[in-house]
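Here the structure comes first, spelled out in structure tokens, and everything after it is commentary.
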Amino acid sequence: VISHDRRAEGRRSRREAEVAAGRADVAATVDGDPDDLAAIARAVDALPPKEREAIVLVAWDQLSPAEAAEVAGCSAGAFRVRLHRARRRLADQLTEEVRS
């Protein structure tokens, strides 16, 4: 169990480092208003780590939920729930940002 947790934490740490390194490239590769991109980045950053990981694995890395579940170290069902919650929370945060 401890070994499994350490491997999972290592995967999460590597994924977070990849995301942080890739943020600078997003503005260069995505057409759009820099303010909109900044708002999206802030909303994603505000997500809890596991929900942020779910969004990144599916949206950025373009993995299927089953593939992303394997990377995240959880069951496909648990990952789908996590992804659903992350999408809902992200939408709420972006809606709140538009209102501000």
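Scanning all heavy atoms of the two residues, the minimum distance from A68 to V58 falls at CB-CG2, 4.3 Å. Between A43 and Q93, the shortest heavy-atom contact is O-OE1, 2.7 Å. Residues A69 and S75 share a closest heavy-atom pair of CB-O, 3.7 Å. Heavy-atom minimum distance, L47 versus R52: O-NH2, 2.9 Å.
With sequence neighbours left out, A54 forms a side-chain contact (heavy atoms from CB on, under 4.5 Å) with F79, R82, L83. Residues that satisfy the salt bridge (Lys or Arg N to Asp or Glu O under 4.0 Å) test with R42, not counting sequence neighbours, are E97. Shown here are the side-chain contact (heavy atoms from CB on, under 4.5 Å) partners of E70, two or more places apart in sequence or in another chain: there are none.
Taking CD1 of I40 as the start and CG of D45 as the end, the distance is 12.0 Å to the nearest 0.5 Å.
Across R87, R89, R88, a single residue satisfies side-chain hydrogen bond (donor to acceptor under 3.5 Å, both in side chains) together with E51, and that is R89.
Note on E9 versus R12: salt bridge recorded, some NZ/NE/NH1/NH2 to OD/OE distance being below 4.0 Å.
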